Participant: 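Dropping a structure here in C-alpha cells format, bear with me for questions.
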Amino acid sequence: GRLVYLNLAQTVSRNENPATLYSSIRNFDSLGHSINSTVVNQQLKQFTNNNSYNLSASYTEPAGRRHILDFNYGYNRSTGHSDKESFDFDSLSGKFDRPDSLTTNRFMNHCTVQSVSAGYNTTEGKYLFQLGLTVQLTQLDNLNLVSGSNLHQQSVNWYPRASFLWEVGKGKNLNLTYSGNTVTPSIDQL
C-alpha cells in the first residue's frame with residue numbers, strides 16, 4: 001500500500017491567429033431615427049507563446065488493514081506572451097495599414113499554482129470510500145506592455161473531495177465522485 005509517485009512535465013505552445021473584423025454599426029435616437037453609421041473594417045494578427053512546467057508528487061501510507069492515507073503536492077509555473085496587432089482599412093491606399101491603438105495590445109502573464117492535499121481511503125467488502133481536502137494557492141501577474149499597467153492577483157481555495165464505489169454485482173459498479181479545482185485563464189482568454 002505504500003507508494004511514491006513523482007511527475008515532471010513541460011508544455012510549450014506557439015500560435016498565430018490571423019482574423020478579419022467587419023462591423024456595420026448604426027445608432028438611433030429615441031424616436032427610431034438613424035443618427036449615424038460607422039463601419040469597422042480591420043485585419044488583425046495575434047501571436048501567443050505559452051510555456052509551463054508542472055511538478056507533482058504523491059505519497060500513500062497504509063494506516064491499517066484496508067485503510068490508506070494519501071498526500072499530494074503540485075506546483076505549476078506558466079508564462080504566456082501575447083502580441084495582437086490591429087490595422088484598419090485605409091480607403092486611400094486600399095490596404096489595411098492604419099494601426100488601431102485601441103484594439104492592439106502586448107501582454108505578458110505569469111501564473112504560479114501550488115496545491116497540497118490529504119485524503120483517507122478505505123475498503124469495506126463491496127464498498128470503497130475516499131475523503132480528502134485540497135488547498136490551492138494561485139498567484140497571477142499580468143503586465144500590459146502597451147500601457148505599462150501591472151495587475152497582481154492572489155487567491156487561496158479549499159476543495160473537498162469524496163468518492164464512493166459500490167460493487168453492485170459481477171461486472172457492475174456504481175461510482176459517485178465529488179471534487180473541485182480552479183482553472184486559471186489562458187493567455188488567449190486574458
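In this text the structure is predicted, and so the values were computed from the model without any measurement.
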Participant: Search all heavy atoms of Leu92 against all heavy atoms of Asp90 and return the closest pair with its distance.
Facilitator: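 So the minimum-distance heavy-atom pair works out to N-OD1, 3.0 Å.
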Participant: Name all residues meeting the side-chain hydrogen bond (donor to acceptor under 3.5 Å, both in side chains) criterion together with His67; count only those two or more places apart in sequence or in a different chain, and write none if there are none.
Facilitator: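 Partners of His67 under the side-chain hydrogen bond (donor to acceptor under 3.5 Å, both in side chains) test: Tyr120, Thr122.
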Participant: Taking a hydrophobic cluster as the set of Ile, Leu, Val, Met, Phe, Trp and Tyr residues connected by side-chain heavy atoms closer than 4.5 Å, whether directly or through intermediates, do Trp166 and Leu176 fall within one such cluster?
Facilitator: yes
Participant: Any donor-acceptor pair under 3.5 Å linking the side-chain atoms of Thr138 with those of Gln136?
Facilitator: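 Yes, a side-chain donor-acceptor pair sits under 3.5 Å.
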Participant: Answer yes or no: is there a donor N or O on one side and an acceptor on the other, between the side chain of Asn105 and the main chain of Phe107, under 3.5 Å?
Facilitator: no
Participant: Would you call Glu61 and Arg2 a salt bridge, taking side-chain N to carboxylate O under 4.0 Å as the test?
Facilitator: yes
Participant: If you count heavy atoms of other groups shown closer than 6.0 angstrom to OH of Tyr22, is the number above 12?
Facilitator: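 No, not enclosed.
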Participant: Are Leu69 and Val4 joined in one hydrophobic group, where the rule is that I, L, V, M, F, W and Y side chains link up if heavy atoms are under 4.5 Å apart?
Facilitator: yes
Participant: By ring-ring contact (aromatic ring centres under 6.0 Å, His included), which residues pair with Phe96, not counting sequence neighbours?
Facilitator: Phe89
Participant: With Asn51, which residues qualify under side-chain hydrogen bond (donor to acceptor under 3.5 Å, both in side chains), at least two apart?
Facilitator: Gln10
Participant: Test of understanding: with ring-ring contact (aromatic ring centres under 6.0 Å, His included), list the residues that count as partners of Phe164, not counting sequence neighbours.
Facilitator: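 Expected list: Tyr127, Phe129.
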Participant: Is there a donor-acceptor pair closer than 3.5 Å between any side-chain N or O of Thr104 and the backbone N or O of Ser86?
Facilitator: yes
Participant: Give the cluster check for Tyr73 versus Tyr59: same hydrophobic cluster or not, with ILVMFWY residues linked at side-chain heavy-atom distances below 4.5 Å.
Facilitator: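 No: no chain of side-chain contacts under 4.5 Å links Tyr73 to Tyr59.
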Participant: Grouping I, L, V, M, F, W and Y whenever their side-chain heavy atoms are under 4.5 Å apart, do Leu133 and Tyr178 come out in a common cluster?
Facilitator: no
Participant: Could you check whether any side-chain N or O of Arg106 sits under 3.5 Å from a backbone N or O of Val146, counting only pairs where one atom can act as donor and the other as acceptor?
Facilitator: no
Participant: Taking only residues at least two apart or on different chains, which pairs with a member in residues 9-19 satisfy salt bridge (Lys or Arg N to Asp or Glu O under 4.0 Å)?
Facilitator: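 Qualifying pairs, neighbours excluded: none.
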Participant: Pairs in or reaching into residues 154-166: which pass salt bridge (Lys or Arg N to Asp or Glu O under 4.0 Å), with residues at least two apart or in two chains?
Facilitator: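 Every pair satisfying salt bridge (Lys or Arg N to Asp or Glu O under 4.0 Å) with a residue in residues 154-166: Asp70-Arg161.
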Participant: Backbone N or O of Gly148 within a donor-acceptor pair of the Asn144 side chain at under 3.5 Å?
Facilitator: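 Side chain of Asn144 to backbone of Gly148, a donor-acceptor pair under 3.5 Å: no, none is there.
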Participant: Does any donor atom in the side chain of Gln42 or Asp88 lie under 3.5 Å from an acceptor atom in the other side chain?
Facilitator: yes
Participant: Does Thr11 use its side chain to pair, donor to acceptor, with the backbone of Ser52 at less than 3.5 Å?
Facilitator: no
Participant: Among the clusters formed by ILVMFWY side chains lying less than 4.5 Å apart, do Val116 and Tyr75 turn up in the same one?
Facilitator: yes
